[in-house]
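Notes follow the structure.
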Amino acid sequence: MSIKNPKTLREKTRYVSFIIEGGKDFKREDLVKAIWNSAIDFLGEFGASEIGLWVKEYDDSNKCGIIESNIKSLHKAIFILSLTKSVGKEKVNILPLCVSGTIKGLEKNIKSNVN
């Protein structure tokens, strides 16, 4: 039997959309590994575990995606995106586009920015 926290006690999350410049095709797993390595280098393992960082979506064809972070560490998550300079052996530049409280709002912004 599991007990869920009430909504008022749960951490609030924010979603950040990003686009990747440079680099050739790479897998989502390589991107996740590169972002986590940047987070651990910047914050250490304990600090990286506290920001609630997740790569929610990544589209290979448009090279854009969405990460999730808790609201207290949003600025750290955005900074970690800009610190990530390589995925595998490919040099890349990850540009944060916009922040929203819902994935639906970010998907609208991604479509309007990419197209």
Side-chain angles (χ1 to χ4, degrees):
M1 181 174 161
S2 66
I3 300 173
K4 287 186 174 181
N5 284 339
K7 274 191 165 182
T8 55
L9 295 178
R10 294 182 201 160
E11 283 188 338
K12 292 189 178 191
T13 58
R14 290 293 179 257
Y15 301 95
V16 180
S17 65
F18 62 90
I19 191 163
I20 297 177
E21 292 181 343
K24 295 179 182 175
D25 296 332
F26 45 82
K27 296 178 183 176
R28 181 184 184 276
E29 293 81 23
D30 296 333
L31 177 66
V32 171
K33 189 182 290 184
I35 291 173
W36 268 103
N37 284 338
S38 294
I40 290 171
D41 289 344
F42 178 57
L43 300 171
E45 288 186 18
F46 182 71
S49 67
E50 287 185 327
I51 64 172
L53 183 66
W54 292 100
V55 177
K56 296 296 281 185
E57 294 179 16
Y58 176 66
D59 186 10
D60 295 341
S61 60
N62 293 333
K63 290 188 173 183
C64 57
I66 298 172
I67 64 165
E68 176 185 345
S69 170
N70 61 31
I71 196 167
K72 293 177 186 173
S73 306
L74 178 64
H75 61 285
K76 292 177 186 174
I78 293 172
F79 191 66
I80 287 167
L81 284 180
S82 60
L83 283 176
T84 306
K85 295 297 179 189
S86 64
V87 177
K89 294 180 181 178
E90 303 289 327
K91 291 191 175 192
V92 296
N93 190 16
I94 301 177
L95 301 173
L97 294 177
C98 58
V99 178
S100 180
T102 62
I103 292 177
K104 188 176 182 181
L106 282 180
E107 288 175 345
K108 287 180 185 175
N109 278 332
I110 288 172
K111 288 179 183 175
S112 66
N113 286 333
V114 171
N115 295 329

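- Contact of the T84 side chain with the L31 side chain is not registered, since no non-hydrogen atoms from C-beta on lie closer than 4.5 Å.
- Put simply, the side chain of R10 never gets that close to the backbone of K4: no donor and acceptor are under 3.5 Å apart.
- Shown here are the side-chain contact (heavy atoms from CB on, under 4.5 Å) partners of D30, two or more places apart in sequence or in another chain: F26, K27, V87.
- With sequence neighbours excluded, no residue satisfies side chain to side chain donor-acceptor pair (under 3.5 Å) with T8.
- Taking D59 as the reference, S61, N62 meet the side chain to side chain donor-acceptor pair (under 3.5 Å) condition, with sequence neighbours excluded.
- For the pair Y58/V32, no side-chain contact is recorded, criterion being any heavy-atom separation below 4.5 Å from C-beta on.
- W54 and L74 fall into different hydrophobic clusters, where Ile, Leu, Val, Met, Phe, Trp and Tyr residues are linked whenever their side-chain heavy atoms come under 4.5 Å apart, directly or through other members.
- Residues meeting the side-chain contact (heavy atoms from CB on, under 4.5 Å) test with D25, sequence neighbours left out: none.
- Around the NZ atom of K91, the shell of radius 6.0 Å holds no more than 12 heavy atoms that belong to other residues, nucleotides or ligands.
- The CG atom of N70 sits 12.5 Å away from the NZ atom of K12 when rounded to the nearest 0.5 Å.
- No donor-acceptor distance shorter than 3.5 angstrom exists from the side chain of K76 to the backbone of A48, with no hydrogens or angles considered.
- Tracing side-chain contacts under 4.5 Å through hydrophobic residues (I, L, V, M, F, W, Y), one never reaches I51 starting from I71; they form parts of separate clusters.
- Proximity of a side-chain donor or acceptor of E21 to a complementary backbone N or O of N93 within less than 3.5 Å is not detected.
- Note that OG of S17 is 14.0 Å distant from NZ of K108, once rounded to the nearest 0.5 Å.
- Nearest heavy atom pair, residue A39 against residue L53, reads CB-CD2, 4.2 Å.
- To the nearest 0.5 angstrom, I94 atom CD1 is 12.5 Å from C64 atom SG.
- Under the rule for a side chain to side chain donor-acceptor pair (under 3.5 Å), the partners of E68 that lie at least two apart in sequence or sit in another chain are K56.
- Between E50 and S73, the closest heavy-atom pair is O-OG, 4.4 Å.
- To the nearest 0.5 Å, the span separating CZ on F18 from CD1 on I35 amounts to 5.0 Å.
- Between K72 and H75, the closest heavy-atom pair is O-CE1, 3.6 Å.
- Linking Ile, Leu, Val, Met, Phe, Trp and Tyr whenever their side-chain heavy atoms come within less than 4.5 Å puts V16 and F42 in one cluster.
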Distance-only check: which donor-acceptor pairs under 3.5 Å involve side-chain atoms of residues 95-106, not counting sequence neighbours?
residue: S100; atom: OG; partner: T102; partner atom: N; Å: 3.3
residue: S100; atom: OG; partner: T102; partner atom: O; Å: 3.4
residue: T102; atom: OG1; partner: G105; partner atom: N; Å: 3.2

